[in-house]
Every structure is written in C-alpha cells, then in structure tokens.
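What's counted below: heavy atoms across the whole structure, side chains too, no hydrogens, waters or symmetry copies.
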Amino acid sequence: MALAALITWLQKSRTIIRRPINRGFALFTLFLIITAGFATNQTDAFLGLFNLVPYFFVFAGLNSLIQTIAQLRHIAWILVIGAVPVIIMGFGQLFLAWALKLQFLWIVLDWAIAPGGEPPGRMAALFMHANLLAAYLAIVFTVGLGLLLEQWQLKKKKNSQLYFLALTVIASFAALILTNSRNGWAIAIIACLAYALYQGWRILVGSVVAVVTTTLLAAFAPSPIAQIFRRVVPAFFWARLNDEMYPDRPVALMRKTQWEFAWSLAQQHPFTGWGLRSFSALYKAKMHIDLGHPHNLFLMLSAETGFPTTLVFCALLAWILIAGIQFLRQSNYLPKTDKLIFFSYLLVFGQWILFNTVDVTLFDFRVNTLSWLFLSAICGVVFHSHQNYKLSPNEN
C-alpha cells in the first residue's frame, strides 16, 4: 500500500496537492509539528508523529488511486480472503495453545501468538491485544456481510463465493465474540442493525433489538428482573457487560478514570497540549500504573495536542463522512449492489469513529493502515464522481 501510494504521488503529485482534503491534512500536520515543539518531552512528541503523518501521505496517494466502486469491491474481497488465516490462528491460539514468535528488525516483521490469548482467555491472534483483533475483525465482518448481501441480491444463491462469504462472516463473528471485547460486540450489532435498516428488513431489526434488550436487562436491570433474563442469557455476555466478570479491576484501569484524567490534562494545556505520547508517562506518575493510552482517541489528542488541533482533525473526519453520505444519497445512477458496497465502507468509517471513542487503534500499524485505506477509498470515489459530473453533467 505504501508503494502504491508512492507511485501515485510520483505520477499525480499536482492533482494530489490540489485536493482540498489533502490540504486539510497538510494543515493538520503543521498543527501537530507546532504542538510537538511545545511538548514537555519533545523527543517523544516528534516520535509520536510517526503514528499519524506517514498515514496522511498514504491517504493522499490512495485517494487519487482509488476511484471506482469496482475497486472498493476488489479491496473488500482481499480483506475478507486475507482474514481467513488470521481467524484460523486465533482459534488455534485459544483452543490448541498455538504459539509463535517471529521477529525481524522489529518494524519489518513482528509476529507473535500468545498461547491461550492476550489477555489470557481472550482471542488476539497476531495482534498484541484482543481489542485490536476485535477492531480488525469488525472491519472484516462488516465488509464481508456487505459482500454476502451483494451476492444474495445478484441471485447467485448456489455459487461458491456465497458459501465462502457465509462461512467467513460466521467465523469472523464467532472470533469477534471470543475476543471478549465489548466494543467489538457493539460494532457487530451495529453492523447487523445498519444493514437490516438499509435493506428494510423490519423483522430482522426487531429480532436484533429484542436480543440486545434481553442481554442489557440481564446485565443492568434490578436484581429481581435481571435474574429472569439471566436464565436465557449466558453469563459470558451479561457478566462481561456489567464487569462482574472482572470484579477486582483497579480504579486506574477504569475508562472513566482515564477519561477524566485526559480531560484534566487537556484543560491544563488547552492550546498545545502536553505533546504526543505524553499521556502514558503522566498517567503513570499520577496513578502508578502503566497504561498506553486513555481509551479515547479524541480525548487523547485533546490532552496531547490541544483543542485546536483536535478540532481540525474532527472537522476533516466530518468532511469525509458528510461527503460520503451525500454521495450515497445522490448517486441514483448507481446499481443497488454498488450502493451497498459504498454503504459498507461508510459503515466501517462510522464504526471506526465509535470504536475510537472507547479505545485507540492508532498504535497498531495494521489496523491503522486499514482505517486510512477506508478513508482514502471513500474520498477517492466521491472526488472522482464529482469530477465526472463536472465534465459530463447530463450523465447524472
């Protein structure tokens, strides 16, 4: 992907530079560099730029390379097929105690499978934590479900692609459950509801809402009522939702504590923040516990880069999301299957935003790269359609 972005930059540098969204991320980069200069630990802050700035370069290159729904469909297939070995490794890790440690120059290749999961009992496959695998599987499950619905709409109910997609979607959903990630579970439910609403399947919407309501009542209702629903809802779900599965968790590991601390840091340095990668050291000094991030990307950016920089970032994300929604609503000339594929990309984007309000996927280069790939794809298709409309307005 980096090579593809580099080649595109060499071929279309003028087009890339002229695009407003790319100029927006250039401005965001400038803000990040300025805040790094004011950081309490400038070395860490400038190193923290590598979690963001290189991806802007890839984003700008790929949004000029990706232009059609056919390309989105092709990318979705690659992701679904590529997920199969990852899911197999996850099941092997959890049930067969598979282990692997393969490292070469760290950044070039770093594969590790912890037997029994990471944390123990939670599927993580090749990822450093189960929540990161959940973020990855949420993407795969969503685009896989979109491709499955497309094949179904094409009336190809007996083809091998349909069977493969059905098995992969089921396997990714099962793996997502075994990550024991509440965020992942919520994302999967949102995906099912979103597709059901988009397709107009009211019965399925009602079924999903009923299942979710039953589970939430089992987890959070007053004890007499909760006991009724706990007869049908496994403790694996309701005890994880209300944290009874981990009753002795330290207060410092609670998200509420982390969010309050990040917000207090942002208020102390509202314009420039404390510097990228500063949260972990500051939190350890205060709480005496190691924690990589505050489990909220936007609070983390506010604390580390200040409110102005965070607002620029949020504005750019809103720009992409609104442009994508407008394209989907106005593209009546597209076949239903093409609109479904583009909808699946928008859905992944929305899920990424929601996931990063309760976690941070920035520090895993694989999930981070996929996230920017989806943003690039949405921007590329929208920009290409606008360009074609200006050249040939009668076609629409």
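- In terms of modelled atom types and a separation under 3.5 Å, the side chain of Q71 and the main chain of L65 share a donor-acceptor contact.
- Taken to the nearest 0.5 Å, the OG atom of S13 stands 9.0 Å off from the CZ atom of R18.
- Each of F141, F355, F237 was compared with W185 under the ring-ring contact (aromatic ring centres under 6.0 Å, His included) criterion, and only F237 meets it.
- Residues F307 and T272 form no side-chain contact, since every pair of their non-hydrogen atoms from C-beta on lies 4.5 Å or further apart.
- Looking at K256 and E260, a side-chain N of the basic residue comes within less than 4.0 Å of a carboxylate O on the acidic one, giving a salt bridge.
- Counting heavy atoms from C-beta on, the side chains of I21 and L316 come closer than 4.5 Å.
- In this pair, F342 and F327 present their aromatic rings perpendicular. The plane angle is above 60°, beyond the 30 to 60° band.
- For the pair F164/I81, a side-chain contact is recorded, criterion being any heavy-atom separation below 4.5 Å from C-beta on.
- Closest heavy-atom contact between L126 and R366: O-NH1, 3.3 Å.
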Please step through side-chain contact (heavy atoms from CB on, under 4.5 Å) for the pair L72 and T68, ending with a clear verdict. CA-CA 7 Å; L72 303 193; T68 66; over 6 Å; no
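- In this structure, K339 NZ and S344 OG are separated by 13.5 Å, a value rounded to the nearest 0.5 Å.
- Between E150 and K336 there is no salt bridge, since no side-chain nitrogen of the basic residue lies less than 4.0 Å from a carboxylate oxygen of the acidic one.
- Here L147 contributes atom CG and Q161 contributes atom CD; the two are 9.0 Å apart, rounded to the nearest 0.5 Å.
- Atom CD1 of I66 and atom SG of C379 lie 10.0 Å apart (nearest 0.5 Å).
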Step-by-step side-chain contact (heavy atoms from CB on, under 4.5 Å) determination, D359 to R255: CA-CA 9 Å; D359 211 330; R255 279 175 168 77; 4.0 Å; yes
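- Annotation: the span from N356 atom CG to S371 atom OG amounts to 7.0 Å, rounded to 0.5 Å.
- Two residues are said to be in side-chain contact when any heavy atoms from C-beta on lie closer than 4.5 Å; L317 and F349 meet this criterion.
- Between F59 and W372, the ring-plane angle classifies as perpendicular under the 30° and 60° cut-offs.
- Applying the 6.0 Å contact sphere to CG of L10 captures more than 12 heavy atoms from other residues, nucleotides or ligands.
- Relative orientation of the Y136 and F127 rings is tilted, given thresholds of 30° and 60° on the angle between their planes.
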Report the C-alpha separation of F46 and L276 in whole Å, then their side-chain angles, then the decisive distance to 0.1 Å, and conclude whether the side-chain contact (heavy atoms from CB on, under 4.5 Å) test is met. CA-CA 7 Å; F46 279 104; L276 290 170; over 6 Å; no
Intermediate values then yes/no, side chain to side chain donor-acceptor pair (under 3.5 Å), N51 and N368: CA-CA 9 Å; N51 289 319; N368 200 16; 5.8 Å; no
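- The shortest distance between side-chain heavy atoms of V169 and V80 does not fall below 4.5 Å.
- Under the 3.5 Å distance criterion, the side-chain polar atoms of T305 are left unmatched by any main-chain donor or acceptor of S302.
- Formation of a donor-acceptor pair under 3.5 Å by the T309 side chain with backbone atoms of G306 is not found in this model.
- The minimum heavy-atom distance linking G324 with V382 is given by the pair CA-CG2, 4.1 Å.
- In this structure the side chain of T369 never reaches within 4.5 angstrom of the side chain of V58, judged on heavy atoms.
- Side chain of R230 to backbone of A218: a donor-acceptor contact under 3.5 angstrom is found.
- Contact annotation: the side chain of M128 approaches that of L132 to within less than 4.5 Å [non-hydrogen atoms, C-beta and beyond].
- Side-chain N or O atoms of R23 include one that pairs as donor or acceptor with a backbone N or O of I17 at under 3.5 Å.
- When all heavy atoms are compared, the tightest approach of A36 to Q42 is O-CG, 3.6 Å.
- Within the 3.5 Å criterion, the main-chain N or O of V381 finds no donor-acceptor partner in the side chain of Q67.
- Below 30°, between 30° and 60°, or above 60°: for F363 and H293 the angle between ring planes is below 30°, a parallel geometry.
- Residues L311 and F38 are members of separate hydrophobic clusters, defined by side-chain heavy-atom contacts under 4.5 angstrom among Ile, Leu, Val, Met, Phe, Trp and Tyr.
- Side-chain N or O atoms of Q268 include one that pairs as donor or acceptor with a backbone N or O of S264 at under 3.5 Å.
- A pairwise comparison of heavy atoms in K101 and A112 identifies CD-CB, 4.1 Å as the closest pair.
- With W352 contributing its side chain and F374 its backbone, the two residues share no donor-acceptor pair below 3.5 Å.
- Contact detail for L137 and S172: the closest heavy-atom pair is CD1-O, 4.2 Å.
- Between F313 and F31, the distance from one ring center to the other does not fall under 6.0 angstrom.
- Under 3.5 Å, the side chains of E118 and Q93 contain no donor-acceptor pair of N or O atoms.
- The aromatic rings of H269 and W274 sit parallel to each other, their planes meeting at less than 30°, with 60° as the upper class boundary.
- Placement of W319 and L32 within a single hydrophobic cluster is found when ILVMFWY residues are connected by side-chain heavy-atom separations under 4.5 Å, directly or transitively.
- Y198 and V209 fall within a single hydrophobic cluster, where Ile, Leu, Val, Met, Phe, Trp and Tyr are joined by side-chain heavy atoms under 4.5 Å apart, directly or via other members.
- Note on L96 and L178: same hydrophobic cluster, where clusters join Ile, Leu, Val, Met, Phe, Trp and Tyr whose side-chain heavy atoms are under 4.5 Å apart, directly or indirectly.
- Counting only heavy atoms from C-beta outward, the side chains of N63 and F383 never approach each other to under 4.5 Å.
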Q199 vs L340, test: side-chain contact (heavy atoms from CB on, under 4.5 Å). Steps then yes/no. CA-CA 9 Å; Q199 298 291 113; L340 179 62; 3.8 Å; yes
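- Closest approach of P270 to P308, counting heavy atoms only: O-CD, 3.4 Å.
- For the pair S376 (side chain) and L62 (backbone), a donor-acceptor distance under 3.5 Å is absent.
- At most 12 non-hydrogen atoms from other residues, nucleotides or ligands lie less than 6.0 angstrom from CZ of F271.
- Listed for the Y283 side chain is no donor-acceptor partner under 3.5 Å among the backbone atoms of D290.
- Remark: K286 NZ to L265 CG distance equals 10.0 Å, nearest 0.5 Å.
- Ring-centre distance between F57 and W9: below the 6.0 Å cut-off.
- Placement of I378 and I353 within a single hydrophobic cluster is found when ILVMFWY residues are connected by side-chain heavy-atom separations under 4.5 Å, directly or transitively.
- Within a 6.0 Å radius of CZ in F173, other residues, nucleotides and ligands contribute 12 heavy atoms or fewer.
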R122 vs N131, side chain to side chain donor-acceptor pair (under 3.5 Å): CA-CA, chis, key distance, verdict: CA-CA 9 Å; R122 297 177 61 184; N131 286 346; 2.8 Å; yes
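- Ring geometry for F279 versus F261: interplanar angle over 60°, hence perpendicular rather than tilted (30 to 60°).
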